[in-house]
Amino acid sequence: MTPVVGRKATGLVAATFTPLTPEGEINLSEIRPYIDYLLEQQGVKSIFVNGTTGEGMSLTVEERKLLAEEWCHKGKNKLEQVIVHVGCMSLKDSQELARHAAEIGADGIAVISPSFFKPATADALRMFLQEVAAAAPAVPFYYYHIPAVTGVNLRSRDVLEGIEKQIPSFQGLKFSGSDLMDFGQCVSYSPSHWSLLYGIDEQLLGGLAMGANGAVGSTYNYLGSSVNRLMSAFHKGDLPNARTLQFQVQDILCYAIKMGFDLAVNKQLMSEVSGLALGPPRLPLLPCPQPKAHSIAQRLQQILGEQ
Ligand SMILES: CC(=O)N[C@H](C=O)[C@@H](O)[C@H](O)[C@H](O)CO
Ligand SMILES: CC(=O)C(=O)O
């Protein structure tokens, strides 16, 4: 089988929040303005949907299909890439979502390790990924490593070992871990057509130094334009400027963490900054009180010098 080589994902990829109505139902009507906001206000041209930030694991398979379809359709001819996260606890559900992503023309699919029953070895995880990828063999495939959330601490480098033989559509890695040695080992192992995307926004510069091709993260929804400047400073070799911009992101997140930062707060913060109506999170996450998000948004604007 000839390998599927997709367009290499580079630059910033926003991990989108899932718009919900005040009653907690998915709100597809907010997706078009959301995409326009990312493109026009943040200069972010690619998205990662139904992932951690999108509360993918809290959505039904049916809801995930409707959302993925809307993001792909509304993003068509506007966005560079729409990557759909299709990982589930059940292999069968993941395969169903992978097939669906192929039907709707997703540019890539990504899979997080199952985390209730955890794979015992990197081989077991690779076998799971292979079975999902095989359901959509023509769609570029990404493995998504996020150990702090899954509790699956297998080294990514071990998961990548020989993966292109098992998954001809393998296209890269979204690495949301802080172990830069493991990330570096993945970079040095990778053929040039893979895309290695770093996923801890507060230390992206470390990921770039190690060789990341781009970044996927929640904060690029509202900090995309400053992190775009960080990336270009890095690529120009202007480290002092890149560091200044990274420190701003850190200052914003430190303030948010002191206030109590979780996905619900993050989602409300995006509503505050963008003016989009993203609605509440879904239980078990608790809604964020509006004044809290407002205060973080004000601090953000102060730090970015917008106020
Ligand atoms: C746990 C989590 O959601 N991680 C995200 C991506 O993987 C990041 O984008 C973080 O939200 C971000 O780095 C802020 O901590
Ligand atoms: C951050 C990210 O990639 C996610 O929300 O899945």
Side-chain angles (χ1 to χ4, degrees), residues 9 11-19 34 38 42 44 46-59 64 67-68 71 81-88 94 97 101 106-113 115 142-153 156 172-180 183 195-208 212-224 226-227 230 245-270 273 278 281-282 285 288 293 296 300:
L12 288 188
V13 182
T16 53
F17 297 95
T18 293
Y34 195 152
L38 291 176
Q42 300 295 341
V44 168
S46 294
I47 58 174
F48 185 93
V49 309
N50 294 344
T52 310
T53 307
E55 301 173 83
M57 295 297 187
S58 304
L59 301 166
R64 286 171 70 168
L67 287 158
W71 286 113
Q81 300 229 8
V82 180
I83 300 174
V84 180
H85 171 249
V86 301
C88 300
S94 294
L97 287 176
D107 299 289
I109 54 174
V111 173
I112 301 185
S113 171
S115 56
Y142 295 82
Y143 166 54
Y144 177 176
H145 174 69
I146 183 158
V149 174
T150 58
V152 174
N153 287 301
S156 282
L173 173 70
K174 172 188 178 326
F175 189 94
S176 290
S178 53
D179 180 349
L180 285 177
F183 187 60
S195 180
L196 300 195
L197 302 167
Y198 194 67
I200 299 192
D201 314 1
E202 42 281 54
Q203 54 196 54
L204 170 59
L205 192 50
L208 290 173
N213 302 107
V216 188
S218 65
T219 67
Y220 309 137
N221 282 291
Y222 47 84
L223 294 176
S226 36
V227 180
L230 185 166
L245 289 158
Q246 181 73 86
F247 294 156
Q248 287 181 351
V249 173
Q250 294 183 349
D251 289 345
I252 293 163
L253 285 170
C254 281
Y255 181 80
I257 289 164
K258 277 198 201 115
M259 301 278 294
F261 187 65
D262 64 7
L263 183 52
V265 177
N266 207 357
K267 187 175 192 180
Q268 185 64 32
L269 177 61
M270 175 60 177
V273 175
L278 300 180
R282 180 166 284 178
L285 297 180
C288 162
I296 301 171
L300 177 153

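For this chain, numbers begin at 1 and follow the sequence in order. Quick note: numbers below take in every heavy atom, side chains included, and nothing from hydrogens, waters or symmetry partners. Order of listing sets the numbers, starting from 1, for every ligand and every atom in it.
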**Prompt:** Mind checking what makes side-chain contact (heavy atoms from CB on, under 4.5 Å) contact with Thr18, not counting sequence neighbours?
**Reply:** Leu20, Ile26, Asn50, Leu59, Leu67
**Item:** Pair Lys267-Glu55, side chain to side chain contact (heavy atoms under 4.5 Å, CB included): steps then yes or no
**Value:** CA-CA 10 Å; Lys267 187 175 192 180; Glu55 301 173 83; 3.3 Å; yes
**Asked** Which parts of the protein, at residue level, reach under 4.0 Å of ligand 2 through a heavy atom?
**Response** Ala15, Phe48, Gly51, Thr52, Thr53, Tyr144, Lys174, Val216, Gly217, Ser218
**Message:** Using the ring centroid of each side chain, check whether Tyr142 and Phe48 are separated by less than 6.0 Å.
**Reply:**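 Ring centres of Phe48 and Tyr142 not closer than 6.0 Å.
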Would you indicate which of [options] comes nearest to [atom] when only heavy atoms are counted?
atom	options	value
atom 6 (C) of ligand 1	Gly199, Ser218, Gly217	Gly199
atom 14 (C) of ligand 1	His145, Glu202, Lys174	Glu202
atom 12 (C) of ligand 1	Val149, Asp201, Leu197	Asp201

Under 3.5 Å, sequence neighbours excluded: what are the donor-acceptor pairs made by side chains of residues 255-263?
{"residue": "Tyr255", "atom": "OH", "partner": "Ser295", "partner atom": "OG", "Å": "2.8"}
{"residue": "Asp262", "atom": "OD1", "partner": "Ala264", "partner atom": "N", "Å": "3.0"}
{"residue": "Asp262", "atom": "OD1", "partner": "Val265", "partner atom": "N", "Å": "2.9"}

State, yes or no, whether a side-chain contact exists between [X] and [Y] at a heavy-atom distance under 4.5 Å.
X	Y	value
Leu245	Gln248	yes
Ser176	Tyr144	yes
Leu97	Val84	no

**Prompt:** N/O of Thr52 under 3.5 Å from N/O of ligand 1, yes or no?
**Reply:**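 For ligand 1, there is no N or O atom that lies under 3.5 Å from one belonging to Thr52.
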**Item:** Between CD1 on residue Ile83 and OG1 on residue Thr16, distance to nearest 0.5 Å
**Value:**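 Nearest 0.5 Å value for the CD1-OG1 distance: 11.0 Å.
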**NE2-CD1 distance between His85 and Ile112, expressed to the nearest 0.5 angstrom** = 3.5 Å
**Message:** Taking a cutoff of less than 4.0 Å between a non-hydrogen atom of the residue and any ligand atom, is Phe48 in contact with ligand 1?
**Reply:** no
**Prompt:** Which one holds for Ile146 and ligand 1: side chain close, backbone close, both close, or neither close, with close meaning a heavy atom under 4.0 Å?
**Reply:**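 Only the side chain of Ile146 comes within reach of ligand 1.
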Can I get a per-line list of side-chain donor-acceptor pairs under 3.5 Å for residues 195-206, giving both atom names and the distance, sequence neighbours left out?
{"residue": "Ser195", "atom": "OG", "partner": "Ala9", "partner atom": "O", "Å": "2.4"}
{"residue": "Tyr198", "atom": "OH", "partner": "Gly177", "partner atom": "O", "Å": "2.8"}
{"residue": "Tyr198", "atom": "OH", "partner": "Gln203", "partner atom": "NE2", "Å": "3.2"}
{"residue": "Asp201", "atom": "OD2", "partner": "Ser218", "partner atom": "N", "Å": "3.4"}
{"residue": "Asp201", "atom": "OD2", "partner": "Thr219", "partner atom": "N", "Å": "3.0"}
{"residue": "Asp201", "atom": "OD2", "partner": "Thr219", "partner atom": "OG1", "Å": "2.6"}

**Asked** Nearest protein heavy atom to atom 7 (O) of ligand 1, by residue and atom, and its distance?
**Response** Ser176 OG, 2.7 Å
**Message:** With heavy-atom distances below 4.0 Å as the criterion, list the atoms of ligand 1 near Tyr144.
**Reply:**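 That gives atoms 7 (O) of ligand 1.
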